[in-house]
*Asks:* 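This structure is in structure tokens; I'll ask about it shortly.
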Amino acid sequence: MKIDSSQLIELAQKFGTPLYVYNGDMIEKRYNDLLNHITWPKLKILYAMKANYNPSVLKLIHQLGGSLDTVSPAEIILGKKAGFTSGNILYTANNMTDSEVNDVHASGVLLNIGSLSRLEKYGKRFPGSKVCLRFNPDVVAGAHKKIQTGGKLTKFGILLEDVGVVKKISETYDLKIVGLHEHTGSGIDDTNAVYKSIHNLLSIAGHRNFPNLEFIDFGGGFQVPFEPDEERIDYPKLGGEIGRIFKDYCVEYGKDLEMYFEPGKFIVAESGYMLVTVNTLKDNRGRLIAGTDSGFPQLIRPMFYDAYHHIVNLSNVNGNERNYDVCGNICETGDRFAEQRPISEIREGDILSIENAGAYCYAMGGVYNLRAMPAEVFIYKDDIKLARKRLTNEELVKNIIGECE
Ligand code: LLP
């Protein structure tokens, strides 16, 4: 399922580096894995498009039957252009403005509201409407403290103990609470944390509190192994257990509800590669430094979350390993994709592949230092296409000058 080194080198030569490459077959596999592992017939997968909003990725997920988790009005517009309809989009922005709430409501997309104050304003403005409510699961989990979403120290969701206030507000404005939601964090490798969050949300989700429920949404956060020796969670086991918990809940509720998940990383992380060329080698008194033609604005996860991304020297896969700092071309010391990482010997001109670059890599990118984001190539069933081109320097500058020219 991995794209082999020789094909990646060919793509780098054809399209130039830096270059993102996505493997649609891998995205399809991961989407189907989730469908197969989570044993609840009324399962809906809302792809968290913030992870990777490339239109080819979105179209594939639409073709596979997926729905969308969105967090901004522009995501809704783009999602609709990729084929998704309002009924298959959920809106989970936080700290929403009045005008965006009005626009999203008018577009027919269901809002997922995560604060008492917004719920009150929504009720006043749109009495009698349907709405989904985001609760804070009160569980702290996730691969890094910046991506742990649950617990009282974060800004997300309504506290579980405020369920009584929620009831009062929704009765006052005749709101139909059709869905309940929680999202615990990203890259959760502790299955007990997953069960605990589910239990916590379900503990307040009884028929007496919420008589109009159609679905429960347990967010995203499925772990993906990034390091070579990192184990993958036993997903069939996890999925089976979640199915059992939900079945018991639905029996008590008196109706088989839909179960939603909102995976981002799990669906797209492993599909992506960022290819860079090494153009400058240094030996700083024994410390080897490989300088490349990309930088942290084009793949920020190592610098931002200390994230590990495996790096392969495609041009010398069987060479003897040496330790390298793999650096970018940005004027900052922290501009490193890896520090003292064993990689097969690197020569100037070699092409490196930075792996698991399908989620939150291009999507978190920017043009700091005024270097345009890389092009993106999408491969699916042997079809290779340029899914977005790289702006030329002239185009980049034109975007910046815009109306002021
Ligand atoms: N649902 C909600 C409400 C979310 O906030 C997120 C991610 C997801 C679903 C999808 O989570 P996933 O399955 O991708 O873990 N930039 C970080 C990850 C931030 C996640 C933000 N919210 C990273 O690169 O690790």
Side-chain angles (χ1 to χ4, degrees), residues 27 30-31 33-34 38 44-53 57 61 66-72 75 79 89-96 110-115 132-137 139 141-151 154-158 179-190 193-194 197 201 215-227 230 233 235 238 259-272 274 296-309 337 354-366:
I27 294 175
R30 289 296 174 232
Y31 180 87
D33 280 350
L34 272 191
I38 301 175
K44 199 155 147 175
I45 294 180
L46 289 80
Y47 168 59
M49 68 179 280
K50 64 172 89 64
N52 186 329
Y53 57 84
V57 171
I61 288 168
S67 301
L68 276 190
D69 160 38
T70 59
V71 291
S72 70
E75 281 199 350
I89 302 177
L90 182 65
Y91 190 67
T92 307
N94 58 93
N95 303 332
M96 304 174 195
L110 187 68
L111 283 103
N112 184 15
I113 290 181
S115 78
C132 175
L133 293 182
R134 176 175 189 167
F135 279 92
N136 184 323
V139 171
H144 184 275
K145 69 175 186 329
K146 285 187 188 144
I147 52 176
Q148 295 168 341
T149 316
T154 75
K155 63 179 175 170
F156 299 102
I158 297 168
L180 297 179
H181 170 278
E182 65 88 8
H183 171 76
T184 304
S186 190
I188 302 173
D189 60 1
D190 171 7
V194 176
S197 286
L201 183 63
F215 68 87
I216 309 262
D217 183 336
F218 297 116
F222 295 103
Q223 172 254 16
V224 171
F226 277 71
E227 305 204 21
E230 197 177 337
I233 280 183
Y235 279 109
L238 178 80
M259 184 201 288
Y260 290 6
F261 275 101
E262 299 172 341
K265 253 176 213 170
F266 186 86
I267 306 268
V268 289
E270 293 159 284
S271 77
M274 187 170 79
F296 76 84
Q298 303 184 349
L299 195 160
I300 202 170
R301 300 191 73 257
M303 183 154 163
F304 208 47
Y305 308 114
D306 295 320
Y308 179 101
H309 283 260
F337 297 118
I354 306 181
E355 299 194 337
N356 277 14
Y360 305 106
C361 290
Y362 190 103
M364 291 180 73

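Just so it is clear, the values below take in all heavy atoms, side chains as well, and ignore hydrogens, waters and symmetry mates. First listed ligand is number 1; within each ligand, the first listed atom is number 1.
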*Asks:* For N136 and F156, which heavy atoms make the closest approach, and how far apart are they?
*Replies:*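 Nearest heavy atoms, N136 then F156: ND2-O, 3.1 Å.
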
*Asks:* In plain terms, say whether R134 and D217 are close enough for a salt bridge, that is, a side-chain N and a carboxylate O under 4.0 Å apart.
*Replies:* no

*Asks:* For each nitrogen or oxygen atom of ligand 1, which protein N/O atoms lie closer than 3.5 Å, and how far apart are they, rounded to 0.1 Å?
*Replies:*
{"unit_1": "ligand 1", "atom_1": "1 (N)", "unit_2": "D69", "atom_2": "OD2", "d": "3.4"}
{"unit_1": "ligand 1", "atom_1": "1 (N)", "unit_2": "E262", "atom_2": "OE1", "d": "2.6"}
{"unit_1": "ligand 1", "atom_1": "13 (O)", "unit_2": "G221", "atom_2": "N", "d": "2.8"}
{"unit_1": "ligand 1", "atom_1": "13 (O)", "unit_2": "G264", "atom_2": "N", "d": "2.9"}
{"unit_1": "ligand 1", "atom_1": "14 (O)", "unit_2": "G264", "atom_2": "N", "d": "3.4"}
{"unit_1": "ligand 1", "atom_1": "14 (O)", "unit_2": "K265", "atom_2": "N", "d": "2.8"}
{"unit_1": "ligand 1", "atom_1": "14 (O)", "unit_2": "Y360", "atom_2": "OH", "d": "2.6"}
{"unit_1": "ligand 1", "atom_1": "15 (O)", "unit_2": "S186", "atom_2": "OG", "d": "2.5"}
{"unit_1": "ligand 1", "atom_1": "15 (O)", "unit_2": "G221", "atom_2": "N", "d": "3.4"}
{"unit_1": "ligand 1", "atom_1": "16 (N)", "unit_2": "Y305", "atom_2": "OH", "d": "2.8"}
{"unit_1": "ligand 1", "atom_1": "24 (O)", "unit_2": "R301", "atom_2": "NE", "d": "2.6"}
{"unit_1": "ligand 1", "atom_1": "25 (O)", "unit_2": "K265", "atom_2": "NZ", "d": "2.7"}
{"unit_1": "ligand 1", "atom_1": "25 (O)", "unit_2": "R301", "atom_2": "NE", "d": "3.4"}
{"unit_1": "ligand 1", "atom_1": "25 (O)", "unit_2": "R301", "atom_2": "NH2", "d": "2.9"}

*Asks:* Who pairs with Y260 by ring-ring contact (aromatic ring centres under 6.0 Å, His included), at least two apart in sequence or on another chain?
*Replies:*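 For Y260, the residues satisfying ring-ring contact (aromatic ring centres under 6.0 Å, His included) (neighbours in sequence not counted) are F215.
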
*Asks:* Could you report the tightest heavy-atom contact between I188 and A193, atom names first, then the distance?
*Replies:* CG2-CB, 4.3 Å

*Asks:* For F226, check ring-ring contact (aromatic ring centres under 6.0 Å, His included) against everything at least two apart and list the hits.
*Replies:*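 F226: ring-ring contact (aromatic ring centres under 6.0 Å, His included) contacts with H309.
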
*Asks:* Apply side-chain contact (heavy atoms from CB on, under 4.5 Å) to D33 and list each qualifying residue two or more places apart in sequence or on a separate chain.
*Replies:*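 In terms of side-chain contact (heavy atoms from CB on, under 4.5 Å), with neighbours along the sequence ignored, D33 is linked to K29, R30, H37, F266.
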
